[in-house]
Structures are given as structure tokens and as C-alpha cells.
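Here the structure is a predicted model, which means the values were calculated and not measured.
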Amino acid sequence: MTVEKILVIAVMRPRQNEERFQSSLEELISLSQTAGGAVQKIMVQKRDRIHPANYIGTGKMEEIKQEIEELDIELVISNDELSSGQLRNLGNEFGVRIIDRSQLILDIFAQRARTKEGKLQVELAQLEYMLPRLRGQGASMSRLGAGIGTRGPGETKLETDQRHIRRRIYDIKRRLSSVAQQREQYRKRRKANEVFQIAVVGYTNAGKSTLFNRLTDSESMVEDKLFATLDPLTRQIKLPSGFQPLLTDTVGFIQDLPTSLIAAFKSTLEEVSEADFLLHVVDGSNPDLEQHQHTVRILLEELHADTIPMLTIYNKKDLMEKDFIPSNHPYFIMSAYEDGDVDLLQTKIEESLIKEWKYYKLELRPDEGKIMTRLELETIVKDKYFNEEKNYYIVKGYMQKNHALESLLEE
């Protein structure tokens, strides 16, 4: 695969936080690498406001043109979203393809989508993003299918008129709505069966999929790239007490995630808001971890999932600073590659659940084996023994509040 030469352009406004601005540029470099490109140069202009017609000032445009020629640049990526007019004007001026941060993220999602639903969601986001910008694409539209920002299920559709695209959007939404209904029925069935659900959330590339694989002994896609996981995977796991919840791996969060993507992946992200417990995986070695945690918190609020009990896992401890101080509580520091840490994490998950749950002590007759099995699978059993004198089992443990078996406690 040929590596495209990229030049990044960015405007820094007076009120912007310097650290956040730098971290967004570094993230853009990572995103470019994930998409198969290499950033040769970053050109930043400080302005009071973004230029409405050209994004950047005319003087800076001349500088950028020189760099494009000297470095043999094939693609210019803007750190901010561009309007159709800005796309057209920059394209005419520079004579190379122009895309913005959102298009880059959409392009990566297009490469990463594996399932039919994932591909439809990406195509929908691409089409909705492109529709208002069609006029801005100009000459680059005829070169579709060549390089970053042009790939994905929607690529051949983008050359046609707006009416065709609107029809396609309507069609995809209809198909996705039936998939969403199936997912909803599946979720309701899980809820009716009292299946406890844990969702793994976190910033992209924090190590969620690696941890998911270690806890479930499965082979989800693991790569040191942004957005390695797009399609949510759900597996049953067994914790030390015998308790068997479902664990779901979710798409990685990122700052300034395009709104169309959040909307397109709504049914996938609902797996997070439907969960009973969250494992928030943080790359403890990343210098921007505070920003990452903040982004995850904001997105959880948007998904109305910010009140779900959560354990923060600071991953990659082998790469962390010695004096690391966690800012989230409760927390657990680990390396997903160390067996001992994975075992300790399972115990820590149970400890965290016990703090949220209700203590119980039950007496069961020997013929009540079905109830015993349910207690072992659906609750955290701490002690279980047979009283020969009275001929019944005594079971002590913790169960989720409002669990169906709670009715046994009130008798």
C-alpha cells in the first residue's frame, strides 16, 4: 500500500486551550497514520477567527502552496470541519485533494467496518456528511476511489446527484432501523433473563479489545491503531465466585467525534447506556490521559450513561510514570498482558459490584437446585454450606438490587 504524503493545516484561536490544541494535532497525526498516510508538515496559523471563505488567511495560503510543491504533498487535511465553500476554494488554490478531520475519521471507520450493520452506519455518516458539501468537492469528485478520505461503502454513490443520495440515506435509515429493532429485542430478552451486562468503554487505542480478549479468551481484533473495534462484540465471562455476566467491547471514543458518526452509531452506542456496569479503560501512559478521561465523561453524559456504576482501569502500567496518581475512583492499575493482573481485575470487579449490591442469606431445601444454580450464575456467592441437622443449604452472597430472586428474600 502506498503511503500518501500529507500536510496538516490548523487555525489556533485566541481562546483555545494550548494543550488541547496540541493534543488534537497529535491525534490528527495518529489518525493519518491509521488511514495509511504520513504527515510531512503541520502548518498552524493564529487567527482571531476562521476565515469564512478560505479557512486560513491568503498570506498563509501562499506559504502552504510552496510547501505542497516542495514536499510533493498529495493530500491536505484540515484540523477543523470545512464548509463546502472552504473545500472548493482551498482545492482550487492548492490543486490537491482537501479533506477535514471528520472526513478522515469517517474514512478510517469505512476501512474498519466489518459487519453489514457497521458498513451501513459508516455509509450513512459519509453520505450525511457529504450532502451539504457536494458543491465543494469540485474536481476531486472525479478522482474518487483514490486515497484517504474517499474510501468506504459510500464511495461510488458520491458522484451522483443529491436526490439519489437523499434516497440512499432514506433507504439505509430504514434498514438500520430494523437492525436497531432486532438489537433492542435482543437487549430486552437479556434484561428479561436477568443477564447482568458490563460494557468496556474508553478512549480509542486504550487497550479495550486486548482486555476484552483476556477476560473472554476470545479473538477480537487487536491492533495498535485507532478504532480497531467498530462492531460491538458480546461474550459471557465467568468471575471468581462463579458469577457469569455478559461483557461487551465498544467502539473507542475520541475528542470531536463527528456528530454524524455518533448519530450513525447510536444503536451500537446504546449497548453502553443499557449496561449495568462500566469498565472504563484508560491508557495510563498517555500524556493526554486527563483529556481522554474528560472526553469519555462528556460522551457518557451525551449517552445518558454517566450514572452507571463504573470502575476505571488504568492500563499499560509497564509504560507508566512511577509517581502516577489516578484521578478517577474506584480504580485499578494493571497491564492487560499480565495474567496476575487479569486475575486481580476479576476480583476487583466483584468487589466493586458488592459495594453496589444487596447482601442476602438464604436457606434452600435440597430439592431447590434450580434456585441454587441461578444464585451461582446470577449473583456473587460468598459462602455456601449444608446444614445436616436441619437438612437445608445456607447460601450467603450479594445480588443486584431489584433482581428477580430478591422476592425469595422477603418471604
Side-chain angles (χ1 to χ4, degrees), residues 4-35 37-71 73-108 129 132-133 136 148-149 203-205 226-227 252-262 283 286-299:
E4 283 185 77
K5 290 182 178 178
I6 295 168
L7 185 140
V8 166
I9 56 173
V11 171
M12 169 126 190
R13 271 96 70 206
R15 287 204 186 87
Q16 265 182 301
N17 174 302
E18 176 83 39
E19 262 180 55
R20 176 159 180 171
F21 179 74
Q22 286 307 325
S23 90
S24 79
L25 285 178
E26 279 161 33
E27 200 162 77
L28 199 57
I29 294 170
S30 294
L31 288 164
S32 303
Q33 285 167 346
T34 298
V39 175
Q40 308 293 312
K41 181 109 184 168
I42 296 174
M43 310 273 292
V44 175
Q45 182 176 38
K46 292 191 173 180
R47 288 179 64 90
D48 287 344
R49 65 192 186 95
I50 282 171
H51 193 291
N54 302 322
Y55 177 64
I56 42 172
T58 43
K60 198 72 176 174
M61 282 172 85
E62 285 306 314
E63 274 181 62
I64 293 167
K65 266 168 87 170
Q66 283 179 333
E67 293 290 346
I68 287 171
E69 278 176 36
E70 280 173 32
L71 298 168
I73 295 296
E74 299 159 89
L75 176 67
V76 172
I77 303 180
S78 149
N79 196 31
D80 298 281
E81 270 197 19
L82 298 173
S83 68
S84 76
Q86 289 166 339
L87 276 167
R88 185 175 58 249
N89 295 340
L90 289 174
N92 292 341
E93 195 67 35
F94 296 153
V96 293
R97 284 195 317 36
I98 317 283
I99 64 169
D100 60 25
R101 182 193 184 88
S102 294
Q103 275 172 287
L104 178 61
I105 293 171
L106 286 166
D107 185 76
I108 294 167
Y129 184 82
R133 293 173 176 79
I148 296 168
Y203 210 76
T204 182
N205 214 25
L226 304 176
F227 306 121
F253 294 171
I254 193 167
Q255 62 179 337
D256 308 321
L257 197 62
T259 323
S260 57
L261 261 181
I262 295 175
D283 176 354
N286 194 303
D288 292 320
L289 76 115
E290 289 304 326
Q291 178 61 50
H292 291 182
Q293 290 179 109
H294 176 70
T295 300
V296 171
R297 271 198 301 276
I298 298 294
L299 276 164

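Under a cut-off of 6.0 angstrom, the local environment of NE2 in H51 is crowded, with over 12 non-hydrogen atoms contributed by other residues, nucleotides or ligands. Within 6.0 Å of CD on E69 lie no more than 12 heavy atoms contributed by other residues, nucleotides or ligands. By the 6.0 Å contact criterion, CG on N17 is enclosed, its count of non-hydrogen atoms from other residues, nucleotides or ligands being greater than 12. The 12-atom threshold is exceeded at CD of E290, counting heavy atoms of other residues, nucleotides or ligands nearer than 6.0 Å.
At least one donor-acceptor pair closer than 3.5 Å links the side chain of D100 to the backbone N or O of Q103. When atom types are taken as modelled, the side chain of Y203 and the backbone of Q291 share no donor-acceptor pair closer than 3.5 angstrom. The main-chain N or O of M43 is never found under 3.5 Å from a side-chain atom of Q45 such that the two would form a donor-acceptor pair.
Atom NZ of K65 and atom CG of L7 lie 14.0 Å apart (nearest 0.5 Å). Distance check, rounded to the nearest 0.5 Å: CG of L299 to CZ of R297 gives 11.5 Å. Here the OG-CD1 distance, from S78 to I50, works out to 7.5 Å after rounding to the nearest 0.5 Å. Here CG of D80 is found 11.5 Å from CD1 of I56. Values are rounded to the nearest 0.5 Å. One distance of note links OG1 of T34 with CD1 of I108; it measures 5.0 Å at 0.5 Å rounding. Put simply, CZ on F94 and CD1 on I9 are 5.5 Å apart, with the number rounded to the nearest 0.5 Å.
Between P132 and S84 the shortest heavy-atom distance is O-CB, 3.6 Å. Residue Y55 comes nearest to N79 through the heavy atom pair OH-N, 4.1 Å, listed as atom of the first residue, atom of the second, then distance. The two atoms that bring I98 and L87 nearest to each other are O-CD2, 3.6 Å, heavy atoms only. In this structure, R49 and R13 approach most closely via the heavy-atom pair CA-CG, 4.2 Å. Taking all atoms of both residues into account, the shortest heavy-atom contact from V11 to F21 is O-CE1, 3.5 Å. Among all heavy-atom pairs drawn from I6 and S32, the shortest one is CD1-CB, 3.7 Å.
Using a 4.5 Å cut-off on side-chain heavy atoms (C-beta onward), E26 and P287 make no contact. Between I298 and F253, the closest side-chain pair of non-hydrogen atoms is not below 4.5 Å. Taking the side chain as every heavy atom from C-beta outward, L90 and E93 never approach each other to under 4.5 Å. Between E27 and D288 the shortest side-chain heavy-atom distance does not fall below 4.5 Å. At least one side-chain heavy atom of I29 sits less than 4.5 Å from a side-chain heavy atom of Q33. The shortest side-chain heavy-atom distance between R101 and L28 falls under the 4.5 Å cut-off. A heavy-atom distance below 4.5 Å is found between the side chains of L25 and V44. No side-chain heavy atom of D283 sits under 4.5 Å from any side-chain heavy atom of H292.
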Assess whether side-chain contact (heavy atoms from CB on, under 4.5 Å) is satisfied between R133 and E81, documenting all intermediate values. CA-CA 11 Å; R133 293 173 176 79; E81 270 197 19; 3.1 Å; yes
Going through the checks in order, is the side-chain contact (heavy atoms from CB on, under 4.5 Å) test met by I73 and Q40? CA-CA 8 Å; I73 295 296; Q40 308 293 312; 3.8 Å; yes
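Taking a cutoff of 4.0 Å between a charged side-chain nitrogen and a carboxylate oxygen, E63 and K41 do not qualify as a salt bridge.
Looking at residues two or more places apart in sequence or on another chain, you find a salt bridge (charged side-chain N to carboxylate O under 4.0 Å, His left out) between R20 and D256.
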